[in-house]
Protein chains: 2
Amino acid sequence: MLTIGKLGAQAGVKVPTVRYYEQIGLLPKADRSAGNQRLYSRKALERLAFIRHARDLGFTLEAIRDLLSLSDRPDQSCAAADAIARAQLAEVESRLARLMALKAELERMVVQCAGGRIADCRVIEVLGDHSLCATDHRHPEGEHIA
Amino acid sequence: MLTIGKLGAQAGVKVPTVRYYEQIGLLPKADRSAGNQRLYSRKALERLAFIRHARDLGFTLEAIRDLLSLSDRPDQSCAAADAIARAQLAEVESRLARLMALKAELERMVVQCAGGRIADCRVIEVLGDHSLCATDHRHPEGEHIA
DNA sequence: CTTGAACCTATAGTTGCTAGAGACACTAGG
DNA sequence: CCTAGTGTCTCTAGCAACTATAGGTTCAAG
């Protein structure tokens, strides 16, 4: 049995975050010691590592909740898990495309700032004029960059 | 003079967001009509477009606050603006690198899910085992991961 | 003149944590 | 056995950057 500190260290998750995951029901309520301290099994560590890894991959806690509930019923088709991962992949690809465009624009901005005065600064100028922008900045559903 | 709705529409910013920007001091307090409704000049529209564009580029509101205060004093060196833009570029490049790694891993996950049962699902499996992960997940600041 | 859209304020909710206060529990050394 | 120093407990509040809701007012069109 692990205390919350060891658990967090082994999973790479901070202690308050573990308690937070319990609070929102992503982790089950932990068993307690005689002195009311949380105790975790190896299984709990695996579950937490799963969460940690999925977070690293950019899954939302909601998606992770779904994946966890799927993995709790291992006899069903994995189509649902696949769908979640595919959606996540699409998300990542779109973020990637946007970021590459942004990188190009930022590079243009930075290159053109040659130590002049602000009045001539491309950084300010480019930011002030959307029409100079090569990127497509339409936001179909009011969503922003993560 | 524009009402808040027209302003928002022209800048591509939602009305509550405009009010929020005023509240946190990113936009100056707007003039009001006889009936207490906000009225905006062309200049205010430009300022808002600047903010919108910078947000699209991933600048934080704090960075934007700095850029705006710079652009209010156009006689100074643009070194500061350049520094902000360069920091932003570095941010974007690092996010880009991470996202590309994530994309590779997600693709691996998705490809390997061939319509089997969850028990064999790579999506779940890969998420459960950090060691299968190609990505570098080290945490630079004194975090001990076993 | 009336309807309905757009506006107003104020407050609370969102996501995914993080930080603080003040109190209790456990462990190692003397 | 005592004490010091961690680690843990609960609870509350805060962060970014909005978004949503409630309940009211103003404005422009028909």
Side-chain angles (χ1 to χ4, degrees), chain A residues 1-27 29-40 44 48 50-68 88 91 95 139-146, chain B residues 1-27 29-40 44 48 50-68 87-88 91 95 139 141-144:
Chain A
M1 286 299 194
L2 303 160
T3 60
I4 197 170
K6 315 282 182 201
L7 179 84
Q10 292 199 29
V13 174
K14 287 178 190 150
V15 168
T17 305
V18 177
R19 289 197 278 251
Y20 169 71
Y21 287 162
E22 177 179 312
Q23 189 197 309
I24 64 170
L26 211 55
L27 292 175
K29 303 229 168 199
D31 294 336
R32 299 299 182 111
S33 73
N36 197 35
Q37 303 196 342
R38 289 174 182 81
L39 292 177
Y40 295 93
L48 183 56
F50 181 104
I51 295 171
R52 160 82 205 287
H53 195 180
R55 287 295 296 139
D56 275 349
L57 290 172
F59 288 83
T60 65
L61 292 183
E62 263 327 290
I64 293 170
R65 206 187 285 277
D66 291 347
L67 286 170
L68 282 170
Q88 188 57 24
E91 251 297 311
R95 265 194 280 169
H139 279 213
E141 277 168 54
E143 80 180 283
H144 276 270
I145 322 159
Chain B
M1 287 298 195
L2 304 159
T3 59
I4 196 169
K6 315 283 181 198
L7 179 84
Q10 291 200 29
V13 174
K14 286 177 191 153
V15 167
T17 305
V18 177
R19 290 197 277 250
Y20 169 70
Y21 286 162
E22 177 180 312
Q23 190 196 308
I24 65 171
L26 211 55
L27 292 175
K29 303 228 167 199
D31 295 336
R32 299 299 182 110
S33 73
N36 196 36
Q37 302 195 345
R38 289 174 182 81
L39 291 177
Y40 295 93
L48 183 56
F50 181 103
I51 295 170
R52 162 78 206 287
H53 195 179
R55 286 296 296 136
D56 274 350
L57 289 171
F59 289 81
T60 65
L61 292 184
E62 264 327 291
I64 293 169
R65 206 187 285 276
D66 291 347
L67 286 170
L68 282 170
Q88 186 57 24
E91 251 296 311
R95 266 194 281 168
H139 279 210
E141 274 184 57
E143 225 168 317
H144 345 283

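Quick note on labels: first sequence line is chain A, next is B, and so on, each numbered from 1.
Put simply, CD1 on A:Ile64 and CZ on A:Arg52 are 11.5 Å apart, with the number rounded to the nearest 0.5 Å. Of the inter-residue distances, the one linking B:Thr3 atom OG1 with B:Leu39 atom CG reads 7.5 Å to the nearest 0.5 angstrom.
For A:Arg65, the side-chain hydrogen bond (donor to acceptor under 3.5 Å, both in side chains) partners two or more places apart in sequence, or in a different chain, are A:Glu62. Every residue two or more places apart in sequence or in another chain that forms a side-chain hydrogen bond (donor to acceptor under 3.5 Å, both in side chains) with A:Glu22 is listed here: A:Arg38. Evaluation of the side-chain contact (heavy atoms from CB on, under 4.5 Å) rule for B:Tyr21 yields B:Val13, B:Thr17, B:Ile24, B:Leu26, B:Leu27, B:Leu48, B:Ile51, B:Arg55, B:Leu61 as partners, not counting sequence neighbours.
Taking atom NZ of B:Lys29 as the reference point, atom P of C:dC8 lies 13 Å away to the nearest angstrom. What separates CG of A:Leu26 from P of C:dG16 is a distance of 10 Å, to the nearest Å. Counting to the nearest Å, the C1' atom of C:dT15 and the CD1 atom of A:Ile24 are 9 Å from each other. Atoms CD (B:Gln23) and P (D:dC18) sit 13 Å apart, rounded to a whole Å. Here the C1' atom of nucleotide C:dT15 and the CZ atom of A:Phe59 are 17 Å apart, to the nearest Å. For A:Leu48 and C:dC17, the CG to P distance is 11 Å, given to the nearest whole Å. Atom pair B:Tyr20:OH and C:dT14:P shows a separation of 17 Å (rounding to whole Å applied). Following rounding to the nearest Å, A:Glu22 (CD) and D:dT8 (P) show an atom-to-atom distance of 14 Å.
Side-chain nitrogen and oxygen atoms of A:Arg55 include at least one within less than 4.0 Å of the OP1 or OP2 phosphate oxygen of C:dC17. Phosphate proximity of D:dC18 to B:Lys14: absent, as no side-chain N or O sits under 4.0 Å from OP1 or OP2. Note on A:Tyr21: every side-chain N or O is 4.0 Å or more away from OP1 and OP2 of C:dG16. Put simply, B:Arg32 has no side-chain N or O that comes within less than 4.0 Å of OP1 or OP2 on D:dT25. Here B:Thr60 does not reach the OP1 or OP2 of D:dA16: none of its side-chain N or O atoms lies under 4.0 Å away.
Comparing the axis of the opening five pairs of the helix from C:dC1-D:dG30 to C:dG30-D:dC1 with that of the closing five pairs yields an angle of 10°, rounded to 10°.
Across all non-hydrogen atoms, the minimal contact from B:Tyr40 to B:Val18 is OH-CG1, 3.6 Å.
Nearer to the 5' terminus of DNA chain D, by closest-nucleotide assignment, is the contact made by A:Leu39 (compared with the other of B:Glu62 and A:Leu39).
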Letter per nucleotide, 5' to 3', of nucleotides 1-7 of chain C [B base touched, S only sugar-phosphate touched, - untouched; heavy atoms, 4.0 Å]: ------S

